[in-house]
Amino acid sequence: MWEYTDKVKYHFLNPKNVGKIDNPDGVGEVGSLACGDALRLFFKLDDQGKIADVKFQTFGCASAIASSSALTEMIKGLTLEEAGRISNQDIADFLGGLPKEKMHCSVMGRDALQKAIANYRGQPEKKRDGEIVCECFGITDKEIERGIMENNLSSIEAVTDYLKAGGGCGQCHERIQEIIDSLTGRESASVKQPGQLTNLKKIKMIEETLEREIRPTLKKDGGDIELVDVDGNQVLVKLQGTCATCQASQTTLKFYVEQKLQELVTPELVVKEVK
Amino acid sequence: MEKIVYMDNNATTRVDPKVVEEMMPFYSQFYGNPSSMYSFAGIAGNKLKKARAKVAALIGAQPEEIIFTSCGTESDSTAIYSALNSNPEKKHIITTRVEHSAIKNLFESLSRKGYKVTFVPVDKMGRLDLDTLYNSLDDHTAVVSVMWANNESGVTFPIEEIARVVKKRGIIFHTDAVQAIGKIPVDVNMAEVDMLSVSGHKIHAPKGVGALYVRKGTKFSPFLIGGHQENGRRGGTENVASIIGFGKAAELAAHHLAQMQTQVSFLRDKLERGLLKHIPHAKVNGDPKMRLPNTTNIGFDYVEGEAILLMLNELGICASSGSACTSGSLEPSHVLRAMGVPFTSAHGSIRFSLSRYSTEHEIDEVIEKVPPIINRLREISPFWADTENLEKGYCSAQ
């Protein structure tokens, strides 16, 4: 059974801006028949440099068509600078979310747009950066690195969902894992040097870790956490939602929140709850 | 739910109301455990015996050669592990590249455990490369497993001949006949198979019941070890009502077998002709001569299967696709790839599978509804635009 939002279904069944533009200002094309999906995006600018018209042609599943249609609706009337800032997550959000194994459809939209903008600016077709890792879908190590950084991916499965890499024969799984390890390893190696952490940097990293790692996990169980203050190495937090009344919340604080912060920021941190 | 046009009978089938009728008393009325001693339980036990005879009769077997299981997959696993246990010193196993995942993934898992596996290829029409199969038989081969009929293409393999050759070498032969029974004649007196897997829900019995035929005299070791049920060959209290339903369904399947070759086959051919006539750049996948009477698998170039299915779904038409997006991976079905179906059409392949319940009215409806869907998706597709330009003699932009 399909788990598409009504908005995905709407854009699939009633796609906007299908077709091509003769003499477009920019054209971008990604994907191929072999890959199972492909998108060709055309746009024309008005005299103020805003996107006046945009059209697409897509070969692919329902979410690929819906993502393309959504993208065209999102960028109409924008300048190229504004349009260029649209991320794949923005496209997915516009559609009310995509099933995780379909996230690559939104990535395809973003990539086609970037290509079309580069095409308009007369930038030469970018040479593929890096070495091919996934032979089945022709994805390079640099592309995988970028996808991991942009979407905070931490597993091979997630890399496949977003980038398709590793979704074919599976022979590149080891290499993808290495890339994931090297990136997460590099991150923690760079932060695990005490002394280099200024207070400001430390607070920033605590905030980031809470935002990116901890809050999403707690939210899955209906809980949440708020940073109240940082005093030296003491991190003062307030538990919210179901966490506030949960009997196991102290365990969560010590064994999850504190450990995560120690791992990703600095090992000296102690987490304290303020009521 | 509005009216459904169900064209996905290779996935599962409607339970025949006569089957349900037969099953119902064995839930709340005669709920005894067939293993119990009193005559109240004997009512279930006797009915179970009759069901066994009916399933056996459908494939020309003796009742005691039938072991009831929970599904086709369990039957397959039971057969293969039993064959391996009977020949612990043999480490070579043979199957085809187009098996159902119940066999495919099992053999891949065995390959990771150190077994040497030969996956026999098929040709463009989906026909098995028999020379490769026969040449790969050797003294270390523990078991050969070849499906009787393919679930995606409907192509059937010459099981009688293969069984003869494999048996001559003294090697255990198993066939997954889940898609074959009830659609074409399957007779273990003609085909010298040692073991044969079947499933209830493909022949209008409920889901959750299957059977394994084990020829008398074949060495056997159970997969589920437990009680003395099934003559000690499969532990676990019997799924009484479902087995009774399976028995009734087998009886009905035997009764309707001729109808599959005439009425159902006629409707399938009509559907196929109708779609090919109205849709250019479409092609049947699989050997039209050696095929199940109810199945057609058609590749529509330059469009993607999941998109087609979702549009069909809007119209209440149920079918399935071998496209990447529906295969659970990012690559199109292993069956179509093994057949060398080009990517242009593999991603856009749709399987329609009929049953004795399919009506001419439904076929007409599908013939009417599918072409506009393909047209619509092709109008969106960049490759279709390119094709049109090429055909018009234009050179496409790139």
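Atom set for the values below is all heavy atoms of this structure, side chains included, hydrogens, waters and symmetry mates excluded. We name chains A, B, ... by the order of the sequence lines, and we start the count at 1 in each one.
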To the nearest 0.5 Å, what is the distance between [atom1] on [X] and [atom2] on [Y]?
| X | Y | atom1 | atom2 | answer |
| --- | --- | --- | --- | --- |
| B:His347 | A:Asp37 | NE2 | CG | 8.0 Å |
| A:Ile65 | B:Ser381 | CD1 | OG | 8.5 Å |
| B:Trp384 | A:Gln57 | CH2 | CD | 13.0 Å |

Contact class of B:Arg378 relative to chain A, heavy atoms under 4.5 angstrom |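 No part of B:Arg378 comes within 4.5 Å of chain A.
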
[X] [atom1]: over 12 foreign heavy atoms closer than 6.0 Å:
| X | atom1 | value |
| --- | --- | --- |
| A:Gln171 | CD | no |
| A:Asp6 | CG | no |
| A:Lys7 | NZ | yes |
| A:Glu3 | CD | no |
| B:Lys369 | NZ | yes |
| B:Lys124 | NZ | no |
| A:Tyr120 | OH | no |

Any donor-acceptor pair under 3.5 Å from B:Glu306 side chain to A:Ala62 backbone =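 Yes; at least one donor-acceptor contact below 3.5 Å.
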
For each of B:Leu377, B:Ile380, B:Ile308, tally heavy-atom pairs with chain A at distances under 4.5 Å, and name the one with the top tally.
->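 Among the listed options, the one with the most contacts to chain A is B:Ile380.
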
Which atoms of A:Ser32 approach chain B - backbone, side chain, both or neither, heavy atom under 4.5 Å =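 Just its backbone gets close to chain B.
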
Where on A:Leu13 is there a heavy atom nearer than 4.5 Å to chain B: the side chain, the backbone, both, or neither?
->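 Answer is both: backbone and side chain atoms of A:Leu13 are under 4.5 Å from chain B.
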
A:Phe59 and B:Glu304: which non-hydrogen atoms are nearest, and at how many Å?
->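 Closest approach of A:Phe59 to B:Glu304, heavy atoms only: CE1-N, 3.8 Å.
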
Side-chain heavy atoms of B:Glu379 within contact of A:Val18, under 4.5 Å |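 When only atoms from C-beta onward are counted, A:Val18 and B:Glu379 do not touch, as no gap falls below 4.5 Å.
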
